Amino acid sequence: MRQLDLAIVLAAGEGTRMKSKLPKVLHEIAGRPMVDHVLSAIAALHAQEVRVVVGASRELVEAHLQSTFPDAKLVLQEQRNGTGHAVQVALEGAPEIGTVLILAGDTPLLTAPTLQEFFDVHTGLGVDASVLSAEVPDPFGYGRIVRDEAGELSAIVEERDADPLQKEIDEINTGVYLFDIAALRSALAGLKSGNSAGEIYLTDVFALLKAAGQSATAIQSQDYTETLGANDRSQLADCAAIMRDRINDAHMRSGVSIIDPFTTWIDLGVEIASDVTIYPGSALSGATKVESGAIIGPRTTLQSVAVGAGASIIESRVTDSTIGAQALVGPFAFIRPGTTLAAGAKVGAYVEVKNSSIGEGSKVPHLSYVGDATIGSGTNIGAATIFVNYDGVDKHETTIGNDVRIGSDTMLIAPVTVGDGAYTAAGSVITEDVPAGSMGVARAKQRNVLGWVLRKRAGSRSAESARKAGATDGADKVQGEA
Ligand code: UD1
Ligand code: MG
């Protein structure tokens, strides 16, 4: 079987239509730059050599590719004179004979099976050049496949050079090509920039090859959605939605319940076990891994989170953290990097946690901030407790033991330690360590100034209600003073 000698990815364009500081091919879909999707798809074809043409913002593209696809050879196209020029540059020093696959860095939905089939059909036909075409509902902006009376490919005409009849053609050039390298080289030598863009178009090679009596064909792709290009943000969103559906379908087929696939965004690389349920409006990205039986959402964002079996994360945002089996998070929790919840732990409503570990079965149920803390097992943190970790200059740590009861509205001024089995009184400002088994109390004792309202707010509704309840003005009597 014939093999693929060379693959060229065109990624040097300015991407002006994106109106972005970021080069077009680095715009992301499903958590990965478009060019990565393209390179992943061609990896399966095992080309002898892969070349990526870079130019606009090349430092950014090069730095990225060196980390993700270090084997790809980067070729610099100093001046962007069009796709034909990009290929001329890419062929310098490349093999003289063999088969080359050329595709653009902005068609992120192409899959390996489609490219393989294209290669197999091209090879089977034994032609010098093939373009992958597709019939699309809206051909605007694409190069059109012009066929002769016999239905054979005669030329590819760009949108801006097409006449009104050609604009009616809905079979488009997907920007994916296979060429005999020698035939391509000779045709490229004859390319001119006599079009309305003043660029050297790769697409013009087809008419040249035909004129020279060489064989060139358009091979139609079965699934046009794979061939869509993303030149602007609107097309990027269209491509992202198709990728989202693909990813969600694959998870659903492997046993994940996704209640509303339209509002569930799962990046490539996220691992989800069967019998996980994902409610609407959720986004899972990065190195996120969810174990069986977990419930995610609604409206939950997980960025690189390990979620244990049977855990629930509801209406919350979690980043770079570990949520143990059967743990409960939310609604409305904000869990920041470096946090670990052990099995059965709970972080409830309006709680923020950062860089902390919360032990097995421990609970932070309501309205609290936990930062730089280690909390043992079986401990309860009362509502509205604040771990005061920042003195305005440095961050400090708090250690809470096992089976501790922190009273509501405690301020734990770090660094501070509360020993196993200790309590703190509600409303305390704890600045000193609390030994195991002790009750830490740090607040002013209460006084009741009897009749104060009747004297100071005479005639008010409060005073009237107090009088009905039997209060008297009680002449400066204070309860609770020594
Ligand atoms: C191109 C095709 C069009 C096809 C469409 C499919 C040409 C002339 N037109 O149009 O027929 O329907 O793709 O998506 O080829 N690039 C370079 N150097 C350059 C110019 C472009 O590397 O000098 C790269 C771009 O970064 C991009 C790719 O080539 O990845 C295609 O260029 P783009 O400007 O997106 O062409 P389209 O207008 O989409
Ligand atoms: Mg394009």
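Just so we're clear, the structure is a prediction, and the values are computed from it rather than from any experiment. All heavy atoms count here, side chains included; hydrogens, waters and symmetry mates do not. In listed order, ligands and their atoms are each counted from 1.
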Check your understanding: Taking N or O atoms only and a 3.5 Å limit, does Asp106 qualify as a polar contact for ligand 1?
Key -> yes
Review point. Any N or O on Gly229 sitting closer than 3.5 Å to an N or O of ligand 1?
Key: no
Study note, to complete from the structure: With heavy atoms and a 4.0 Å threshold, my read on which part of Asn81 contacts ligand 1 is backbone
Review point. Does Gln220 CD have over 12 foreign heavy atoms under 6.0 Å away?
Key: yes
Exercise for review: Evaluate whether atom CD of Glu171 has more than 12 neighbouring non-hydrogen atoms of other residues, nucleotides or ligands under 6.0 angstrom away.
Suggested key: yes
Point to revise | Residues, nucleotides or ligands: over 12 heavy atoms within 6.0 Å of Lys210 NZ | key: yes
Check your understanding: For ligand 1, is Arg17 a contact, meaning one of its heavy atoms is under 4.0 Å away?
Key -> yes
Exercise for review: Say whether Gly13, considering both its backbone and side-chain N or O atoms, lies within less than 3.5 Å of an N or O atom on ligand 1.
Suggested key: yes
Check your understanding: Any non-hydrogen atom of His85 lying under 4.0 Å from ligand 1?
Key -> no
Practice item. Determine, for Arg144 against Glu159, whether the closest basic-nitrogen to carboxylate-oxygen distance falls under 4.0 angstrom. Key: yes
Exercise for review: Please indicate whether Tyr279 has more than 12 foreign heavy atoms, meaning atoms of other residues, nucleotides or ligands, lying under 6.0 Å from its OH.
Suggested key: no
Exercise for review: Return yes or no for this condition: an N or O of Ile156 is under 3.5 Å from an N or O of ligand 1.
Suggested key: no
Exercise for review: Verify the contact flag for atom 11 (O) of ligand 1, where contact means a protein heavy atom under 4.0 Å away.
Suggested key: yes
**Study point:** Residue-atom pairs from the protein, N, O or S only, that lie under 2.8 Å from the Mg ion (ligand 2)
**Key:** Asp106 OD2, Asn231 OD1
Practice item. Please say whether Tyr142 places an N or O atom under 3.5 Å from an N or O atom belonging to ligand 1. Key: no
Practice item. Using a distance threshold of 4.0 Å (strictly less than), state whether atom 1 (C) of ligand 1 has a protein heavy-atom neighbour. Key: no
Check your understanding: Hey, would you say the Tyr369 and Phe334 ring centroids sit under 6.0 Å apart?
Key -> no
Point to revise | More than 12 heavy atoms from other groups under 6.0 Å of CD on Glu49 | key: yes
Practice item. State whether the shortest distance between N or O atoms of Ala86 and N or O atoms of ligand 1 falls below 3.5 angstrom. Key: no
Check your understanding: Mind checking whether Leu202 has an N or O less than 3.5 Å away from an N or O of ligand 1?
Key -> no
